[in-house]
Amino acid sequence: DAGVIQSPRHEVTEMGQEVTLRCKPISGHDYLFWYRQTMMRGLELLIYFNNNVPIDDSGMPEDRFSAKMPNASFSTLKIQPSEPRDSAVYFCASIDSDSYNSPLHFGNGTRLTVT
Amino acid sequence: GEDVEQSLFLSVREGDSSVINCTYTDSSSTYLYWYKQEPGAGLQLLTYIFSNMDMKQDQRLTVLLNKKDKHLSLRIADTQTGDSAIYFCAETSMNRDDKIIFGKGTRLHILP
């Protein structure tokens, strides 16, 4: 199993540009989570999906952030327009809810720098 | 709302035991987890404990849970340089649709 795959690993962009982060969850996992990690705030849950349907997006900081999951094997997190304070590491994670004590499987993250 | 707290930094000499502490607020927590994050990588589950247990041991790792005080600890025996990482405490509750709450992470620094 390849695990959760995120791309790109690093993204550097200028303020005002659109940024799209991508995630491929583990096959068969029915929950997908997007987290943001910063030193000051730790890991913040932005949004999560169950069977491709967004369940809770209360962690999405602003309307500039949007996430989609068009099918069970792909999700995107988009920031438009990006701002320097969006600089962080963004993690995608997935889980199989049939195994209640199954751990969250994390991707290696996308390090976003907005200048 | 629910919260998980842990200290941000811990320094330990190589060969000593490391003890990382965590407190949480949700009394209905069902599973509690310790995740390890190495530089440039995602979080990897180290161990977990069900809320009706008070101790779990796995090789060099010992997890202690005091449910009354809502306190969780992770002890790493004979700490090695490879243990240098960020350790995240996390918990989940069946009352919260499987949403997992994470602490901010404890950065474990190994002294020579």
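Just so it is clear, the structure is predicted and the values come from calculations on it, not from any experiment. Atoms considered below: every heavy atom in the structure, side chains included; atoms not considered: hydrogens, waters and symmetry mates. Throughout, protein chains are lettered first and strands after them, A, B, ... in sequence-line order, and every chain is numbered starting at 1.
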Exercise. Cluster partners of A/I79, using ILVMFWY side-chain heavy atoms under 4.5 angstrom, listed by chain and number?
Worked result: A/M15, A/V19, A/L21, A/L32, A/W34, A/L46, A/I47, A/F49, A/M60, A/F65, A/M69, A/L77, A/Y90, A/L112, A/V114
Exercise. Non-hydrogen atoms of chain B under 4.5 Å away: do they reach the side chain of A/R111, the backbone, both or neither?
Worked result: neither
Exercise. Does A/L43 reach the side chain of B/L43, with side-chain heavy atoms less than 4.5 Å apart?
Worked result: yes
Exercise. Under 6.0 Å from the CG atom of A/D63, do we count more than 12 heavy atoms belonging to anything else shown?
Worked result: no
Exercise. Would you say A/E14 has more than 12 foreign heavy atoms packed within less than 6.0 Å of its CD?
Worked result: no
Problem set entry | Separation of B/I100 CD1 from A/I95 CD1 (nearest 0.5 Å) | 5.0 Å
Exercise. Would you say the side-chain atoms of A/N108 pair up with the backbone N or O of B/G42, donor to acceptor, closer than 3.5 Å?
Worked result: yes
Exercise. Excluding sequence neighbours, so at least two apart, what forms ring-ring contact (aromatic ring centres under 6.0 Å, His included) with A/F106?
Worked result: A/Y35, B/Y35, B/F102
Problem set entry | Side chain / backbone / both / neither for A/D56 at chain B, heavy atoms under 4.5 Å | side chain
Exercise. Between B/F50 and B/L64, is there a shared hydrophobic cluster once you connect ILVMFWY residues whose side-chain heavy atoms come closer than 4.5 Å?
Worked result: no
For this session: Evaluate side chain to side chain contact (heavy atoms under 4.5 Å, CB included) for A/Q37 paired with B/Q37, printing each intermediate quantity in order.
Result: CA-CA 12 Å; A/Q37 182 183 25; B/Q37 183 185 29; 2.9 Å; yes
